[in-house]
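Note that this is a predicted model, so its numbers are computed, not measured. Along the sequence shown, residues carry numbers from 1.
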Amino acid sequence: PSATHTKDEIGRLPLHLACASGAPLAVAQILINVFPNSCSMKDYNGHTALTYVDYGNDNEERKNDFTSLFDQYEDRITVKDEISIQGEIEEELENEEVNITFGEFQAVLDL
């Protein structure tokens with residue numbers, strides 16, 4: 001679960017990577033359940049994970065499904081949560097590599 005807080009070199013969380021790679025909605029839901037704040041966090045380019053669902057994706061049903069999922073969680077996030085999460089992320093940066101696997105989806109984050 002702590003790996004869900006780890007950012008890559010451009011600030012993407014595992015949720016960003018899952019959305020960018022076309023992972024199933026169930027994978028995104030698992031990542032959000034473990035780290036709800038990830039659905040509103042932006043990478044260093046200012047993109048949320050939901051932005052990556054839109055890139056190169058013409059499937060309106062997929063976009064709508066992901067938007068509905070994200071909307072369920074974004075209302076629950078507070079500034080206090082965002083600050084405490086930042087501390088957890090900084091602690092995680094001491095690791096050199098994080099491996100994430102959900103079914104067929106796999107990501108390795110080198111720090």
*Heavy-atom pair with the smallest gap, counting every atom of Pro14 and Ala3*: CG-O, 3.4 Å
*Between atom CG of Asn59 and atom CZ of Phe66, what is the distance when rounded to the nearest 0.5 Å?*
10.0 Å
*How many angstroms lie between CZ in Arg62 and OG1 in Thr67, if you round to the nearest 0.5 Å?*
10.5 Å
*Would you please name every residue forming a side chain to side chain contact (heavy atoms under 4.5 Å, CB included) with Asp65, sequence neighbours left out?*
Leu25, Glu61
Give every donor-acceptor pair under 3.5 Å between a side-chain atom in residues 27-36 and any protein atom, sequence neighbours left out.
| unit_1 | atom_1 | unit_2 | atom_2 | d |
| --- | --- | --- | --- | --- |
| Asn33 | OD1 | Tyr73 | OH | 2.2 |
| Asn33 | ND2 | Gln29 | O | 3.3 |

*Say you draw a straight line from SG of Cys39 to CG of Leu50; how long is it, rounded to the nearest 0.5 Å?*
9.0 Å
_Between Asn45 and His47 (side chain of the first, backbone of the second, donor and acceptor by atom type, cut-off under 3.5 Å), is there such a pair?_
no
*So how far is it from Ser38 OG to Met41 CE, rounded to the nearest 0.5 Å?*
8.0 Å
*Please identify each residue that fulfils side chain to side chain donor-acceptor pair (under 3.5 Å) with Thr51, with sequence neighbours left out.*
Thr48
*Measure the NZ-NE2 distance between Lys7 and His16 for me, rounded to the nearest 0.5 Å.*
8.0 Å
*What is the distance from atom CG of Asp43 to atom CG of Leu15, rounded to the nearest 0.5 Å?*
11.5 Å
